[in-house]
Amino acid sequence: MLGIYVHIPFCESKCCYCSFSSFVKDESFINQYINFLCNEIETSNLKNNEIDSIYIGGGTPSLLDAKQIEKILNSIKNTFTLDKKCEITIECNPNSINFDKLIKFKNYGINRISLGVQSVYDEDLKFLCRKHNVKQVFDALDNINLAGFENISVDLLLGLKNSSFDKFKNQIDILLNKGVKHFSCYMLQVEQGTKLKMMYDNDSSCILNNENCVSLFQQVSSYFNKLGFIHYEISNFALPGYKSLHNYKYWSGEPYIGFGLSAHSYLNGKRIANAYNFDKYFSNEKEFVELLNNSELIEEHIMLGLRYEGGVDINYLNKLGYDIMQNDNLKKYLNQNVIFKKKNRLYLNEKFYSVNNIIILDLI
Ligand SMILES: C[S@@+](CC[C@H](N)C(=O)[O-])C[C@H]1O[C@@H](n2cnc3c(N)ncnc32)[C@H](O)[C@@H]1O
Ligand code: SF4
C-alpha cells in the first residue's frame, strides 16, 4: 500500500542547527498554502489508491489550528481509500499543543504523535534556540497521554556539549515514565547556512567531537537494548509493536507520495521532488523528476538496506546486475563481522551503525 507525506513548512522561529525547509510566515500566507496543498492532494493522479500511512511533518505541523489539520486530512480521506489500520502521525513541538488540540487530533483519526523534545535539559534547549523549555515538554507529554494517545515517539539530539551517558540515560528514563514508546535519536549535524555552523567555525568544541559522539551513541544503543527496545534503524528505537510503519516505507523502498513544498515522492523507481520555493510550488513546478537507472537503484538499495533491520537483498542486486558477493570490501567486512549474512541478505552489525556511512561508501 501507499504512504502519504504532507509537508508543513512553517515554524515559530528557526532553531540554530536546522536546515530543513521551514519558514516563519503569517496566518494569511499559511491559509493560502493550505488551500493550495489541499488542491494538490485532491487532484492527485493516484486518486482512490489505498493508503496505510500518513505522516504530517515539517516544519511544525502542530503550529496549525486543529481546523487546518482537519481540512488537510479531509482532503486525503476524500481522495484516497484509507486502510482501517492506517497509521496517522503528526509532528508536534511541545509549546504548540494543548489538551484541546490533541483531543481534536485524536477525533480526526491521528493515532501517533512524534514530539520534538530534543533534550530534557533547559541549558541544551537554550543552546539549540528551541522555543520551549523542559516544563513544556513534560506538560505536553501529560496532555498527549491524557488525550488517549499511546503511540508516542520523541526526537532527541545526541552530541550536545556536556552530554554524558548518565545525563542521556536519565532523560530516557524520564521519558519512558511519561509513556514514550519510540525514540528517534539523531547525532547533531552541523549544516551549511545555520547559526550552529557559524558557532562551530568559531569554536568546534561547542558540540561533542565525533569520536565522543559515536561512543555515546553506542552506549545509548546498548541501554535501549537492555530496556527491550528494537534498534530497527540507525537512529530509531522502538518497543515491540511501536515501529513507525511510515518511516519503514522509506527504508524498504516502498512507494510513497509527498504533498507540499519540497515534499518527495517515490513511485515505480521514480523520485519526484516538489519545488523547493513557494513561487515555483504555487506554479505546480517540480524541483526534479528522476527515473533511477540500474546503478542508482543498486546504490539506493545498499544505502537504505544497511541502515535498517531489513538488510540488503543479494538476489535483488543480482537481478540489477551487481554481484555484491564479489566485492573485496564486503569480503573484508564479512570476515571482521562488521557485516553479516543471513540467508540471502546482508546486515550491518548494530555495533557499527554509528559509522555506517564509511562502510556503505566502500560497497557502492
Ligand atoms: C525537521 S524536524 C521537524 C520536527 C519539529 N519541528 C521539531 O523540531 O521538533 C525533525 C527532526 O530533525 C532533527 N534535526 C533537525 N536538524 C538536525 C540536525 N542539524 N542534526 C540532527 N538532527 C536534526 C531534529 O531532532 C528534529 O526533531
Ligand atoms: S528543528 Fe523543527 S522547530 Fe526547529 S526550525 Fe527545524 S523544523 Fe522548525
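These numbers come from the heavy atoms of this one structure, side chains and all, not from hydrogens, waters or symmetry mates. Order of appearance sets the numbers: ligands from 1, and atoms from 1 within every ligand.
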Ligand 1 contact on Met187 by region, counting heavy-atom pairs under 4.0 Å
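It is the backbone that gets close, since no side chain atom is under 4.0 Å.
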Of the backbone atoms (N, CA, C, O) and the side-chain heavy atoms from C-beta on, which set of Leu157 has a member under 4.0 Å from an atom of ligand 1: side chain, backbone, both, or neither?
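Under 4.0 Å from ligand 1, Leu157 contributes side-chain atoms alone.
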[X] neighbourhood, listing ligand 1 atoms whose heavy-atom distance to it stays under 4.0 Å:
{"X": "Gly59", "answer": "3 (C), 4 (C), 5 (C), 6 (N)"}
{"X": "Thr60", "answer": "6 (N)"}
{"X": "Arg130", "answer": "7 (C), 8 (O), 9 (O)"}
{"X": "Gly116", "answer": "9 (O)"}

For atom 2 (Fe) of ligand 2, state which one of Glu91, Arg130, Lys131, Gln118 supplies the nearest heavy atom.
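Of the listed residues, Arg130 has the closest heavy atom.
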Check: Leu188 N/O within less than 3.5 Å of ligand 1 N/O
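The answer is no, given that Leu188 and ligand 1 share no N or O pair closer than 3.5 Å.
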Return yes or no for this condition: an N or O of Glu191 is under 3.5 Å from an N or O of ligand 1.
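No; every N/O pair is 3.5 Å or more apart.
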[X] with [Y]: basic N within carboxylate O range, under 4.0 Å:
{"X": "Glu70", "Y": "Lys67", "answer": "yes"}
{"X": "Lys161", "Y": "Asp124", "answer": "no"}
{"X": "Lys243", "Y": "Glu309", "answer": "yes"}
{"X": "Lys270", "Y": "Glu290", "answer": "no"}
{"X": "Lys169", "Y": "Asp173", "answer": "yes"}
{"X": "Arg271", "Y": "Glu296", "answer": "no"}

Tell me the protein heavy atom at minimum distance from [atom], and give that distance in Å.
{"atom": "atom 13 (C) of ligand 1", "result": "Tyr186 CD1, 3.8 Å"}
{"atom": "atom 3 (C) of ligand 1", "result": "Glu91 OE1, 3.3 Å"}
{"atom": "atom 25 (O) of ligand 1", "result": "Gln118 OE1, 2.8 Å"}
{"atom": "atom 6 (Fe) of ligand 2", "result": "Cys18 SG, 2.3 Å"}
{"atom": "atom 5 (S) of ligand 2", "result": "Cys15 N, 3.4 Å"}
{"atom": "atom 20 (N) of ligand 1", "result": "Gln189 N, 2.9 Å"}
{"atom": "atom 5 (C) of ligand 1", "result": "Asn93 OD1, 3.1 Å"}
{"atom": "atom 3 (S) of ligand 2", "result": "Asn93 ND2, 3.2 Å"}
{"atom": "atom 16 (N) of ligand 1", "result": "Tyr17 CD1, 3.3 Å"}
{"atom": "atom 11 (C) of ligand 1", "result": "Asp155 OD2, 3.3 Å"}
{"atom": "atom 2 (S) of ligand 1", "result": "Gly58 O, 4.2 Å"}

Atoms of ligand 2 close to Thr60 [distance to a heavy atom under 4.0 angstrom, numbered from 1]
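Answer for ligand 2: 3 (S), 8 (Fe).
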If the cut-off is 4.0 Å to any non-hydrogen atom of Tyr17, which atoms of ligand 2 fall inside it?
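In order of number, 1 (S).
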Run the side chain to side chain donor-acceptor pair (under 3.5 Å) test on Glu350 and Asn225 for me, step by step, so that the C-alpha distance in whole Å, both residues' side-chain angles and the decisive distance to 0.1 Å come before the verdict.
CA-CA 11 Å; Glu350 196 197 328; Asn225 270 343; 3.3 Å; yes
Is it true that Gly59 lies under 4.0 Å from ligand 2, counting heavy atoms only?
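Per 4.0 Å heavy-atom rule, Gly59 contacts ligand 2.
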Which residue, Tyr55, Tyr250, Phe288, forms the ring-ring contact (aromatic ring centres under 6.0 Å, His included) with His264?
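Output: one option passes, namely Phe288.
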Given Tyr33, which of Phe23, Phe259, Phe10 fulfils the ring-ring contact (aromatic ring centres under 6.0 Å, His included) condition?
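With Tyr33 as partner, ring-ring contact (aromatic ring centres under 6.0 Å, His included) holds for just one option, Phe10.
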For the residue pair Tyr347 and Phe340, categorise the inter-ring angle as parallel (less than 30°), tilted (30 to 60°) or perpendicular (more than 60°).
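Parallel.
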Can you label the angle between the His231 ring and the Tyr353 ring as parallel, tilted or perpendicular, going by 30° and 60°?
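Perpendicular.
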Of the backbone and side-chain N, O or S atoms of Cys11, does one lie nearer to atom 4 (Fe) of ligand 2 than 2.8 Å?
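Cys11 does not place any N, O or S atom closer than 2.8 Å to atom 4 (Fe) of ligand 2.
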Apply ring pair (Phe, Tyr, Trp, His ring centres under 6.0 Å) to Tyr242 and His182, showing your working.
CA-CA 6 Å; Tyr242 292 95; His182 182 285; 8.9 Å; no
Single-linkage hydrophobic cluster Trp251~Met187, side-chain heavy atoms < 4.5 angstrom
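Trp251 clusters together with Met187.
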Quick one: do Tyr256 and Ile4 satisfy side-chain contact (heavy atoms from CB on, under 4.5 Å)? Show the steps, please.
CA-CA 6 Å; Tyr256 55 86; Ile4 287 182; over 6 Å; no
